[in-house]
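The block underneath contains the structure these notes are about, expressed in structure tokens.
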Amino acid sequence: MDNIVSLAKRRGFVYPASDIYGGLANSWDYGPMGALMKENIKNEWIKEFVSSRDDMILIDSAIIQNSSVWDASGHLEKFTDPMLECSKCHKRFRADNLIEDVLGIDVDGRTSLEIDTIIQNNNIKCPVCGGKLSEVKNFNLMFNTKLGPVDVSSDTVYLRPETCQGIFTNFDNILKSTRLHLPFGVAQIGKSFRNEITPGNFIFRTLEFEQMEIEYFTKEENADENFNYWLDLFKKWYIKIGIKKENLKEVELTKEQRAHYSKRTVDLYFNFPFGFKELQSFANRADYDLKSHSEKSKKKLHYFDTDTNKNIVPFVIEPSVGLGRLFLALLSNGYREEKVLNDTRVVLSLSSRIAPYQLAIFPLVSKDKDMKDISYNLYTDLRKDYRCSYDDIGAIGKRYRRQDEIGTPLCITVDNDSLKDNAVTVRDRDTMEQKRVSIDNIRDYVDKCFL
Ligand code: ATP
């Protein structure tokens with residue numbers, strides 16, 4: 001993990017936020033490579049799950065909503081974690097995680113009182129200093145702020161803790177402004193905020209993060225089938241974007257472990273450097289959200305089923321993944337160190353779909369004007385179709401290593417012979433194999449490599 005964090009900073013993927021002021025715990029900025037890679041992940045997700053399908057649309061709802069949204073969704077009352085504080089060092093912990101660490105028991109679904117009793121009966125002390133722990137309190141994870149210049153409680157608004165509520169509240173607007181018929185899905189990518197008690201593990205659990213969520217509306221009788229369909233589809237997509245199959249595993253949640261609204265939840269775990277942990281969750285949220293919003297807003301949120309001539313409230317299947325978590329999964333999935341002669345080569349094996357750059361183009365000798373001209377012209381031509389980087393600084397070996405570390409799949413070098421044979425050397429990041437390819441055929445060659 002330390003090596004990944006260090007590479008991320010060194011090569012401009014992720015920097016500690018507010019770095020010059022000593023940082024801010026669990027806040028991270030995405031640098032030039034990170035920002036590009038994040039965009040690539042989002043674009044692949046949209047391409048796969050929205051633009052290539054007839055039954056999906058994309059929306060972009062507001063982060064700050066009317067607070068009634070969070071009342072109806074249950075977040076004001078139930079979006080809490082059991083928290084306790086050490087009376088000596090004042091560190092705060094999630095009581096459920098502490099019990100799991102100390103006693104190996106899963107306390108999901110238990111009340112804070114029950115959790116408190118377990119802590120007291122087992123005489124669990126602060127894991128940092130051994131001090132006495134406070135009683136367990138439910139801590140709401142939503143960040144709040146005030147709307148307008150006057151500080152009164154009625155103006156309290158919340159930063160959304162999940163993006164999907166903006167989809168449910170727009171259900172009727174979406175039906176009226178599109179020609180969608182069941183089953184159909186609404187996708188959204190955007191920032192969510194959670195005041196996590198124990199954030200950490202680099203960008204795995206942060207206070208602000210981007211979610212990529214789909215709400216797939218279906219008739220109740222087809223919900224189970226659609227659940228399996230989406231789970232399967234995502235597993236295939238992860239393989240397509242380069243995740244190794246053995247790094248994924250499914251975990252079916254018990255009734256006690258599931259959110260109160262969920263009829264079924266499966267978490268897809270990824271093998272992070274700190275062990276298998278949740279990457280994505282799939283939930284059958286049933287008709288809970290549409291019904292709650294309908295009740296609270298007194299607006300009808302239903303669908304007219306032309307098969308039965310009846311209004312129905314559809315069920316919804318939700319595949320939801322954190323973009324930062326997927327980003328970290330891709331970094332650790334692709335990171336490797338290998339011995340080359342007396343040196344260690346760091347390689348980030350990212351798929352050409354995801355890598356910040358797909359091609360890097362170099363002149364072999366940076367001072368040779370002809371070589372420079374050919375390579376720069378090739379670069380400006382190729383960047384019309386591919387994400388390209390150009391580098392003419394330093395020894396060629398160092399330039400290759402730099403591209404290996406940022407995950408560029410192919411490097412193209414223009415050398416002395418290129419001036420005569422109109423061909424270039426193409427080097428593969430993973431095998432380091434070099435092939436001579438005619439400039440006229442370069443696109444065909446690259447396309448075959450990127451299949
Ligand atoms: P966890 O159990 O890890 O706290 P969760 O079950 O609360 O996650 P969901 O509410 O199901 O998470 O959110 C869907 C997805 O959003 C998660 O699978 C994860 O990828 C991402 N996610 C949730 N919380 C965070 C966070 N604090 N930082 C980064 N990503 C997050």
Side-chain angles (χ1 to χ4, degrees), residues 14 17 25-28 30 34 38 41-42 45 70 73-75 78-83 93-97 100 106-109 139-143 159-168 187-215 227 230-231 234-235 237-238 243 247-254 256-272 274-285 288-289 316-332:
V14 181
N26 306 297
S27 285
W28 302 93
Y30 286 81
K38 242 170 40 149
I41 301 173
K42 289 196 250 182
W45 186 88
W70 310 114
S73 67
H75 281 85
K78 296 201 169 106
F79 196 56
T80 56
D81 276 338
M83 184 186 75
F93 305 95
R94 263 181 69 171
D96 50 345
N97 291 350
E100 200 175 335
D106 184 348
V107 290
D108 279 333
F139 175 73
N140 195 298
L141 301 187
M142 280 200 293
F143 280 102
L159 304 188
R160 67 179 175 198
E162 58 183 24
T163 59
C164 61
Q165 295 303 326
I167 297 179
F168 300 126
Q188 173 160 225
I189 300 177
K191 282 247 163 146
S192 292
F193 302 81
R194 294 183 189 180
N195 202 356
E196 302 271 7
I197 300 165
T198 45
N201 278 330
F202 191 33
I203 51 174
F204 176 80
R205 188 183 302 286
T206 47
L207 307 180
E208 62 175 279
F209 53 99
E210 272 168 279
Q211 283 186 312
M212 306 197 288
E213 297 201 294
I214 290 171
E215 303 305 318
F227 189 103
W230 280 98
L231 180 56
F234 264 94
K235 283 195 293 187
W237 183 65
Y238 285 129
I243 296 221
N247 280 337
L248 293 173
K249 113 176 159 192
E250 274 174 46
V251 177
E252 177 93 40
L253 268 58
T254 61
E256 292 68 38
Q257 292 170 322
R258 294 198 296 259
H260 59 99
Y261 50 73
S262 175
K263 284 222 177 314
R264 185 184 174 199
T265 302
V266 171
D267 286 344
L268 195 60
Y269 276 37
F270 175 83
N271 189 11
F272 289 98
F274 40 90
F276 271 99
K277 292 273 180 245
E278 176 180 329
L279 166 66
Q280 166 155 21
S281 107
F282 297 81
N284 176 351
R285 297 177 76 119
Y288 173 82
D289 301 275
V316 68
I317 305 301
E318 177 190 75
S320 167
V321 59
L323 178 55
R325 252 186 222 187
L326 177 53
F327 186 102
L328 179 59
L330 287 160
L331 287 190
S332 45

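Note that this is a predicted model, so its numbers are computed, not measured. Just follow the structure's listing: the first ligand is 1, and inside any ligand the first atom is 1.
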Residue contacts for ligand 1, heavy atom to ligand atom, distance under 4.0 Å: Arg194, Glu196, Phe204, Arg205, Thr206, Phe209, Gln211, Glu278, Leu279, Gln280, Ser281, Ser320, Val321, Gly322, Arg325
Nearest-0.5 Å distance that lies between atom CD in Glu256 and atom CG in Asp108: 9.0 Å
Option among Phe327, Phe274, Phe209 that satisfies the ring pair (Phe, Tyr, Trp, His ring centres under 6.0 Å) test with Phe204: Phe274
Phe193 and Met142: CA distance, side-chain angles, deciding distance, side-chain contact (heavy atoms from CB on, under 4.5 Å) verdict: CA-CA 7 Å; Phe193 302 81; Met142 280 200 293; over 6 Å; no
Over all atoms of both residues, closest heavy-atom pair of Arg285 and Gln165: NH2-NE2, 3.3 Å
Heavy-atom pair with the smallest gap, counting every atom of Ala329 and Leu279: CB-CD1, 4.3 Å
Within 6.0 angstrom of Lys277 NZ, more than 12 heavy atoms from elsewhere: no
